[in-house]
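Because the structure is predicted, anything quoted here is derived from the model rather than measured.
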Amino acid sequence: MKNYFQWIIKGLAMGAADVVPGVSGGTLAFILGIYERLLAAISSIDTAAVKLLLKGRFSALWQHIDGTFLLCLFSGILLSIFSLANVISYLLEHRPVPLWAFFNGLILASLPVLLRSVSWSAARLLLLVLGIVFAVAVGMLAPVQLQPAPYMFFLAGAIAICAMILPGISGSFILLILGMYAPIMLAVTELRFTTLALVAAGCLVGLLSFSRLLNWLLKHFHDATLALLTGVVIGALYRIWPWQHNQQVLSPWQYQQLVANHDLLPAIMAVIAGILVITLLLNLERLFNTAENGAR
């Protein structure tokens, strides 16, 4: 039972990250140590799973796709997205600096754990640098504005979900670049189920295809892939630097002169909160074990 609660809580964290343009739910999955299991579970939805379904072997199918893990995780993600969409939208508009600072704290606190997970060599350090460069380059892309046709919701879902499961690359930011973030968020808040169904169908197609590629890379080039993904996570810090204007990185004091109040004290507090939250999430299993032993 404690595992179920852990997975739901980690799903809540992933969903909150997915709502923010610039932060990836995949980053949280990677940081929290469930990334490889998530990819393996998604990749197991294959022809073997279809055969089990057609034969009516539902229990075997559930075990094959690691169904309990996926159910708990995606329940947390969906609950977080639908409950926090309005709150996150408000913070992005009215208090963006503390919000970005919070996610900076999450990533900064997790970096020692990520760096220790790789056996480093010169080639893997090069992959780390390439990951950083790639993430920064994506973060420098400029958003567009458009009037979306229905099919674009499907394509946007397919593209964004690939980014969402790639640590360091925000699916929400990709939607922003494509000009689809506002229309999809509007569909979420107004519960436009036809539009959401198109997005969900695109997400399903993108998820099943891209997860297989990442899962294969982790199986055959484990540490090299982790080094590249860690670089992407580090590079994501450029995109979520709290004091930015027109994609230009500023100091807090430049931001106050050009944009608005720098909110330095709230930002520092938000960074500390982010560090505390990720520390708590990283130690969920130990905390559950302590609580269980105390109950005995």
Side-chain angles (χ1 to χ4, degrees), residues 7 10-11 13-15 17-50 64-67 69-71 73-74 76-78 81 114 127-128 130-139 141 151-178 180-181 184 196-236 239:
W7 297 334
K10 290 177 180 181
M14 289 177 62
D18 280 332
V19 176
V20 182
V23 187
S24 166
T27 303
L28 269 296
F30 189 51
I31 289 170
L32 297 174
I34 57 173
Y35 188 69
E36 293 184 51
R37 182 170 183 176
L38 174 60
L39 291 180
I42 294 171
S43 299
S44 68
I45 303 174
D46 51 15
T47 53
V50 174
H64 178 73
I65 65 171
D66 203 357
F69 170 74
L70 287 179
L71 177 63
L73 196 67
F74 280 100
I77 291 172
L78 291 174
I81 288 174
L114 299 182
L127 286 170
L128 178 80
L130 289 175
I132 294 172
V133 171
F134 172 71
V136 171
V138 171
L141 295 175
Y151 76 90
M152 295 180 67
F153 287 95
F154 176 87
L155 293 177
I159 295 170
I161 198 66
C162 293
M164 284 179 182
I165 63 172
L166 183 64
I169 303 298
S170 162
S172 296
F173 179 61
I174 296 300
L175 291 176
L176 199 63
I177 292 170
L178 297 174
M180 295 297 293
Y181 181 76
I184 289 176
L196 292 176
L198 287 171
V199 177
C203 288
L204 182 62
V205 171
L207 188 63
L208 293 179
S209 56
F210 191 58
S211 63
R212 282 176 169 75
L213 172 62
L214 287 175
N215 193 45
W216 183 87
L217 288 172
L218 283 166
K219 283 184 176 179
H220 293 84
F221 307 99
H222 184 269
D223 277 20
T225 304
L226 286 184
L228 179 66
L229 295 178
T230 301
V232 174
V233 170
I234 294 172
R239 178 65 188 87

Distance from [X] atom [atom1] to [Y] atom [atom2], nearest 0.5 Å?
{"X": "W7", "Y": "L32", "atom1": "CH2", "atom2": "CG", "value": "14.0 Å"}
{"X": "L218", "Y": "E36", "atom1": "CG", "atom2": "CD", "value": "5.0 Å"}
{"X": "I234", "Y": "I132", "atom1": "CD1", "atom2": "CD1", "value": "4.5 Å"}
{"X": "L214", "Y": "K219", "atom1": "CG", "atom2": "NZ", "value": "12.5 Å"}
{"X": "L70", "Y": "L38", "atom1": "CG", "atom2": "CG", "value": "7.0 Å"}
{"X": "L127", "Y": "F134", "atom1": "CG", "atom2": "CZ", "value": "13.5 Å"}

Q | Identified side chain to side chain contact (heavy atoms under 4.5 Å, CB included) counterpart of M14 within the set I77, I31, I81 | A |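 Of I77, I31, I81, side chain to side chain contact (heavy atoms under 4.5 Å, CB included) with M14 is met by I77 alone.
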
Q) Within the distance-only criterion (no hydrogens, no angle test), does the side chain of T225 pair as donor or acceptor with the backbone N or O of L217 below 3.5 angstrom? A)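 Yes, the answer is positive, given that a donor and an acceptor are paired below the 3.5 Å cut-off.
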
Is there a side-chain contact between [X] and [Y] (heavy atoms, below 4.5 Å)?
{"X": "I65", "Y": "I42", "answer": "no"}
{"X": "I159", "Y": "M180", "answer": "no"}
{"X": "R239", "Y": "V138", "answer": "no"}
{"X": "L229", "Y": "V233", "answer": "no"}
{"X": "L228", "Y": "F221", "answer": "no"}
{"X": "F210", "Y": "I161", "answer": "no"}

Taking all non-hydrogen atoms of both residues, which atom of [X] and which atom of [Y] are closest, and how far apart?
{"X": "S211", "Y": "S43", "value": "O-OG, 3.3 Å"}
{"X": "A49", "Y": "S44", "value": "CB-O, 3.7 Å"}
{"X": "D66", "Y": "A41", "value": "CB-CB, 3.9 Å"}
{"X": "A135", "Y": "A236", "value": "CB-N, 3.8 Å"}

**Q.** Which residues share a side chain to side chain donor-acceptor pair (under 3.5 Å) with R212, sequence neighbours left out
**A.**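 R212: no side chain to side chain donor-acceptor pair (under 3.5 Å) contacts found.
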
